[in-house]
**Student:** 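Below: one structure in structure tokens.
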Amino acid sequence: MMDSVSLKPLNTFAIDAKAKHVVTAHTEAELLILWRQATARKLPVLVLGGGSNVLFLENYAGTALLNRIKGIAVSEDADAWYVHAGAGELWDDLVNACLDLSIPGLENLALIPGYVGSAPIQNIGAYGVELQQFCEYVDVIQLETSVKRRLSAAECQFGYRESIFKHDLCEHYAIVAVGLRLTKSWRPVLHYGALTYLDTRRVTPRQIYDTVCAARRSKLPDPTLTGNAGSFFKNPVISAFETEHLLRCYPDVPHYIQPDGKVKLAAGWLIECCGLKGYQLDGAAVHDKQMLVLINTGKTSGSNIAALARYVRRQVADRFAIWLEPEVRFISAQGEVDAVEVIS
Ligand code: NAP
């Protein structure tokens, strides 16, 4: 344990905020011990995975507890494979481990930064697939009582980049493992972008994985080179009525009808339409290939990124009367704060 540690290597935005302490848990027992030691200091504790969906607005006045509980176990029956993965496994390593074992299903979720334990919080999704389609359960520990619980997928209350872990279970709980069910009646999901060019009858899961990786690499900034947290905003979902009105003014607006009749818009397109491609403010910038991504051009602060997000949100609202919501979670000195409030 060290005093006042830079969080720069621990968040993909590469914000050089500091925490009082950083400690690492490799087992559930260690996690509980470290949490008790940290709370005994009467300082806040933040359980952190890969820091790939957080923005540190300032120095964190407590302990960052890194969850690195590893382990992958696979079982099967006639219909499916069942994968139990420790929260501290890297998500992309899990996807690869499954493909190496000839277990398909996760290939569209290739190359998503972060750890397995973060995947259900965000209900990670990409290229037409979401974690909730495979998630059977999430194992959590209530840190104050040390009680371990297995939440069913229904109890996780998954939604679009949403889950109970962003709300009722966001404090004093740690995700320690995730259980996935991957069906043996695999069907490729090829209705997004570059995947539509693949041959449904011949394509292999590994080819889909490689195609997604190439698409991501061509468009998204590599967080090891340029600080970012992937999509900064959620894609807004509006009513059919609102869409009709929008299409009258902007006939080209990309829109995707959802199963419930609502319509999802591409936030990146709205931002680009406001002329914000590559727009910079105090070292924070709108990415020039995918406008939904905000980047740290070098040494900017979390509050500068938030200021840029506020500006972008205001521009989009002025033009389209749509208020974007951050997907990224904001962390202040004492812990998580309401991201919408911060950029309102
Ligand atoms: P894109 O192809 O430029 O499309 C822009 C947006 O339109 C996407 O975000 C996607 O929404 C939506 N979209 C595109 N094709 C669609 C279809 N056939 N049906 C329904 N919605 C469609 O997006 P991109 O930036 O290259 O990203 C590709 C995928 O990777 C997307 O699924 C995106 O969500 C995912 N991704 C996620 C993150 C993250 O941090 N969460 C970061 C990068 C990429 P959805 O976002 O709802 O899929």
Side-chain angles (χ1 to χ4, degrees), residues 11-13 49-55 91-92 95 106-115 118-133 158-163 165-166 188-198 200 208-224 226-238 243 246 250 252-273 276-277 286-296 305 309 316 320 322 324-330 339:
N11 73 101
T12 59
F13 251 127
S52 58
N53 201 39
V54 292
L55 179 67
W91 173 261
D92 194 53
V95 176
L106 302 179
E107 54 284 344
N108 294 50
L109 301 176
L111 218 59
I112 296 182
Y115 287 81
S118 311
I121 299 177
Q122 164 83 337
N123 182 23
I124 55 169
Y127 298 92
V129 168
E130 282 183 339
L131 178 87
Q132 66 170 323
Q133 292 165 240
F158 290 123
Y160 174 58
R161 309 285 189 263
E162 274 293 345
S163 74
F165 308 108
K166 282 192 171 179
V189 179
L190 302 176
H191 56 274
Y192 260 58
L195 298 180
T196 55
Y197 300 106
L198 299 174
T200 315
I208 297 175
Y209 177 89
D210 291 341
T211 307
V212 170
C213 287
R216 291 186 73 102
R217 287 195 177 108
S218 72
K219 209 165 162 187
L220 296 167
D222 177 351
T224 62
T226 307
N228 78 92
S231 305
F232 192 90
F233 297 102
K234 292 181 194 172
N235 286 320
V237 178
I238 62 174
T243 310
L246 189 67
Y250 301 95
D252 298 338
V253 67
H255 59 287
Y256 304 95
I257 298 166
Q258 303 299 288
D260 62 1
K262 289 189 173 162
V263 180
K264 188 174 67 188
L265 304 174
W269 188 90
L270 303 177
I271 296 168
E272 184 169 9
C273 223
L276 294 172
K277 179 177 176 163
V286 176
H287 188 51
D288 58 0
K289 289 199 187 124
Q290 170 48 290
M291 276 48 71
L292 196 45
V293 177
L294 302 187
I295 59 170
N296 172 2
I305 299 272
V316 170
F320 298 103
I322 291 170
L324 297 179
E325 278 183 30
E327 185 177 303
V328 171
R329 307 174 77 184
F330 287 17

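Both counts, for ligands and for their atoms, begin at 1 and track the order of listing.
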**Student:** Look at the aromatic rings of W269 and F320 and report parallel, tilted or perpendicular, splitting at 30° and 60°.
**Tutor:** tilted

**Student:** Looking at residues at least two apart in the chain, or sitting in another chain, which of them share a side-chain hydrogen bond (donor to acceptor under 3.5 Å, both in side chains) with N53?
**Tutor:**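 Q122.
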
**Student:** Could you pull out all donor-acceptor pairs under 3.5 Å where a side-chain atom in residues 286-294 meets a protein atom, sequence neighbours excluded?
**Tutor:**
unit_1: H287; atom_1: NE2; unit_2: K219; atom_2: O; d: 3.3
unit_1: Q290; atom_1: OE1; unit_2: L292; atom_2: N; d: 3.1

**Student:** Just to be sure I understand the cut-off, which residues have at least one non-hydrogen atom under 4.0 angstrom from an atom of ligand 1?
**Tutor:** G125, A126, Y127, Y160, R161, H191, Y192, R216, K219, L220, G230, S231, N235, Y256, K264, A266, Q290, E327

**Student:** In residues 252-262, what donor-acceptor pairs under 3.5 Å come from side-chain atoms, sequence neighbours left out?
**Tutor:**
unit_1: H255; atom_1: ND1; unit_2: V253; atom_2: O; d: 2.9
unit_1: Q258; atom_1: NE2; unit_2: Y256; atom_2: O; d: 3.0
unit_1: D260; atom_1: OD1; unit_2: K262; atom_2: N; d: 3.0

**Student:** Mind listing the closest non-hydrogen atom pair of R216 and A126 along with its distance?
**Tutor:**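 Heavy atoms of R216 and A126 come nearest at NH1-CB, 4.0 Å.
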
**Student:** Testing the 3.5 Å rule here: is there a donor-acceptor pair between the side chains of N228 and T226?
**Tutor:**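 No.
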
